[in-house]
Amino acid sequence: MGDIVDSIVSGTFDRLGISGSLGDRLSRVERALESMVPLELDTGETVFFRGFRIQHNSALGPYKGGTRFHPSVTGEELSTLARLMTWKCSLLDLPFGGAKGGIAVDPHPLSSGERKRLSQEYLLRMFPILGPETDIPGPDVNTDSETMGWMADAFSKRTGTWRPDIVTGKPVSLGGLSFREEATGFGAAEVVAAILGRKEEMAHPSCSIEGFGHVGQHLAHRLSERGFRILAVTDSRSGIVNQGGLAIGELIRLKRQSGHLNHPSLGEIVSPEETDRVSADLFIPAALSRSVSPERARGLSCRYVVEAANDPLTPEGEAILLGRGIPVMPDILVNSGGVTVSYFEWLQNRSGERREIKRVKEDLSARMTSIAEEVMDRARRDNGTLREAAYLIAVNRVAIAQKARER
Ligand code: NAD
């Protein structure tokens, strides 16, 4: 993931005149903790895994970021993701800095009891640098609301006080928001609508979506509610195409029931790659990082690319798209609805006042729309890309706060 983020941040530093000690301060991670995390297996044997928490920058507030359990987790990867969180929180004007954590483990073979013990041991190892006003973890790859509930419980047993604001993404019964799972897709749809809202020729845009998981499904649902036509959808195994527009509600129901997209009653079943030949106004990658290679970027038939996934373009792929006059709506803006709703959850936990889902949706929609408009205005004023504009806003806000603290 380093390339696009590193190069855009270094270009942004140049544009904002950030160099010397401030540049150093904003580039380096402030604190990193690595610990061996012990796990007592159901057999009684104890095994150890590498656990990390990387805190990039806290100029705007406590660190915030997810916790991933995956065998490929390294400190380096988490450092890049922690930086991305700093810029994402800043762009959305949230009072948070950026962090990321995780364990280098494949949790799939573990029993529920083993995953619980591992999550709670991880929390205890990271305890010295976590806290509701210090660093607030959330879920990420292979962790979920159950994991967050276990972590909140471990923190509270350690301190002797129930503090639901130590993590976000918890079960509703422990102070979480039921809307959190929908939030990223919903927020992405609001950004798309705000950006296309200014283009009269895009009255009923058509879309092709890669990836039909949490983000892809909720995004497709919200876009179709807004009158967008979804012509093609893929998952890792197949694609489904309907030039008249897919019945998204039914497709989501069948995908959840069966686990696949192989439903010929709703459209033509093709391979994932074959959906690239579908011509649609929007191509929306919502699956893997780096999925748009230069060859693919040359072949895509679309008017916009919407980065619902994190880092879905290769740097060369992005250059080709921009060269073909296809603007990119950047991940830092498009998929930031999740962390925004995590902020609402944290506020709810701190105030003790329950937030109505209706209000959460309205607040999210208003915030995503106004930030998308700010990014568009900035891009137009500077004659730059949406990504450049988003980073100029995000990095500038952190730089101002950092300078104010050190004055
Ligand atoms: P998910 O695991 O729920 O869904 C991923 C989907 O991608 C699945 O449908 C899977 O089958 C599909 N997929 C995998 N390989 C594919 C391929 N080669 N071709 C087509 N489809 C393929 O994950 P998610 O939570 O929806 O996250 C998707 C992306 O959004 C990731 O990049 C993630 O980092 C990013 N993101 C997610 C959130 C969130 O709140 N979930 C927030 C910000 C960013």
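We count residues from 1, following the sequence as given. Counting starts at 1 for both ligands and their atoms, in listed order.
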Any ion pair linking [Y] and [X] (charged N to carboxylate O, less than 4.0 Å)?
{"X": "E133", "Y": "R163", "answer": "yes"}
{"X": "D93", "Y": "R367", "answer": "no"}
{"X": "R15", "Y": "D382", "answer": "yes"}

Check your understanding: Considering the options M148, E345, R180, which one meets the side-chain contact (heavy atoms from CB on, under 4.5 Å) requirement together with T168?
Key ->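 Of the listed residues M148, E345, R180, the side-chain contact (heavy atoms from CB on, under 4.5 Å) partner of T168 is E345.
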
Point to revise | More than 12 heavy atoms of other groups within 6.0 Å of R378 CZ | key: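 It does: R378 CZ has more than 12 such atoms within range.
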
Check your understanding: If you count only heavy atoms, which residues are under 4.0 Å from ligand 1?
Key ->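 Within the 4.0 Å shell of ligand 1, which is judged on heavy atoms, sit R180, T184, E210, G211, F212, G213, H214, V215, T234, D235, S236, A286, A287, L288, A308, A309, N310, N335.
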
**Study point:** W87 six-ring face occupied by R83 cation (under 6.0 Å, within 45°)
**Key:**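 Here R83 fails the 6.0 Å and 45° test against W87.
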
